[in-house]
Amino acid sequence: MTRKEILRHIARPLIPIYGRREADSIALVAVTSLTGIDRNALLIDPDAELEIDRLDQIVNRLAEGCPVQYVAGFTEFYGRRFAVREGVLIPRPETEELVHTIISRERNGIRLLDVGTGSGCIACTLSLEMPRAEVFATDLSPKALEIAAENALSLGARVTMRQADALHNLPEIFPERFDAIVSNPPYVPQSDLEGMDRNVRDYEPHEALFVPDDDPLIFYRSIARFGSGMLTEGGRLYFEIYHLFAPQTAAMLSEEGYTDIEILRDLFDKPRMICCRKK
């Protein structure tokens, strides 16, 4: 088959699920990921012959709604390739903005903790971009920690990882004091589940996404309370947040005694990050 024919073969069964534009985009990501051929090269020479092992199996998985990142086994984050598999959340572009904010605001030699590390994309990136920082990371999921450790090893990132529960035992597992704590915790209300895309709803780990409707700030509040004893004087919290709960999150942080609370907007002008300082 030619490159053009393979792209069409992958995209065709995806159109009813995602629409033509998104289906074409997924097909292009799948082919570039699986073959290593540059996107521009694919488009410049569409009639060149191409062979992909297990092509029909790949198409079937994508047609079932499996995210292309899980099919390929990796995703790109902050210019690096991170392994991702079912059981770990796929990093989003908004999280890259959170990482960039920390890099631009914090000094290189800080001690930093990433709570709910998932694939390790935040912790590994901060370690590599801030080589004099001492970076720690935690997750409740052993599977996530396994994948995060795999990414740290393959990328050469120096990250100390320990299993902990953000709602119960962070101070016991991490007796160190930190200059900054960062987290992209679960924040999507459970009632949003049915309205989410099939590839997210059916494949990505719900424990990394959803929170109870009656307490959507449960993780932020817990981390903030633990943070009051885990942060150094003047240490900062950095959170990725649900844009609809930005004012409530800021109010909660104020109630917990934090100052210099700042809501930051993403590239689409949505309030998606918040940072604050311990008194």
So, [X] side chain and [Y] main chain: donor-acceptor pair closer than 3.5 Å or not?
X    : Y    : answer
S222 : I218 : no
R272 : I241 : yes
T32  : V29  : yes
D197 : V200 : no
E97  : L267 : yes
S154 : N151 : yes

Of the options R177, R277, K278, which is the one that meets L231 in a side-chain contact (heavy atoms from CB on, under 4.5 Å)? K278

[X] and [Y]: which non-hydrogen atoms are nearest, and at how many Å?
X    : Y    : result
I261 : C276 : CG1-CB, 3.7 Å
A164 : L170 : CB-CD2, 4.0 Å
A63  : P13  : CB-CB, 4.1 Å
A123 : A137 : CB-CB, 3.8 Å

More than 12 heavy atoms of other residues, nucleotides or ligands under 6.0 Å from [atom1] of [X]: yes or no?
X    : atom1 : value
R265 : CZ    : yes
R162 : CZ    : yes
H206 : NE2   : yes
E233 : CD    : no

Would E204 and R92 satisfy salt bridge (charged side-chain N to carboxylate O under 4.0 Å, His left out), going step by step from the backbone distance to the final call? CA-CA 12 Å; E204 296 201 63; R92 268 58 171 184; 2.8 Å; yes

Between [X] and [Y] (salt bridge meaning N to carboxylate O under 4.0 Å), is one present in this structure?
X    : Y    : value
D215 : R221 : yes
K4   : D47  : yes
R236 : D179 : no
R132 : E106 : no

To the nearest 0.5 Å, what is the distance between [atom1] on [X] and [atom2] on [Y]?
X    : Y    : atom1 : atom2 : result
L14  : E22  : CG    : CD    : 9.5 Å
L50  : I6   : CG    : CD1   : 4.0 Å
R198 : E64  : CZ    : CD    : 7.5 Å
F268 : K270 : CZ    : NZ    : 8.5 Å
L113 : S183 : CG    : OG    : 8.5 Å
Q163 : N169 : CD    : CG    : 8.5 Å

Same cluster or not: are [X] and [Y] linked, directly or through other Ile, Leu, Val, Met, Phe, Trp or Tyr residues, by side-chain heavy atoms under 4.5 angstrom apart?
X    : Y    : result
Y70  : L209 : no
Y203 : I26  : no
L55  : V71  : yes
V84  : L140 : no
L112 : F178 : no

Any chance the side chains of [X] and [Y] put a donor and an acceptor closer than 3.5 Å?
X    : Y    : value
E240 : Y187 : yes
D139 : T117 : no
Y242 : D192 : yes
D213 : S191 : yes
D56  : H9   : yes

Test of understanding: with salt bridge (Lys or Arg N to Asp or Glu O under 4.0 Å), list the residues that count as partners of R81, not counting sequence neighbours. E76

By salt bridge (Lys or Arg N to Asp or Glu O under 4.0 Å) - contacts of R54 (at least two apart): none

F82 and F74 aromatic centres sub-6.0 Å: no

Trace of the salt bridge (charged side-chain N to carboxylate O under 4.0 Å, His left out) decision for E256 with R225: CA-CA 7 Å; E256 294 296 330; R225 287 181 178 174; 2.9 Å; yes

Would R85 and E150 count as a salt bridge (charged side-chain N to carboxylate O under 4.0 Å, His left out) if you check the C-alpha gap in whole Å, the side-chain angles of each, and the deciding distance to 0.1 Å? CA-CA 12 Å; R85 294 188 290 277; E150 176 185 325; 3.1 Å; yes

Which residues pass the ring-ring contact (aromatic ring centres under 6.0 Å, His included) test with F239, not counting sequence neighbours? Y220

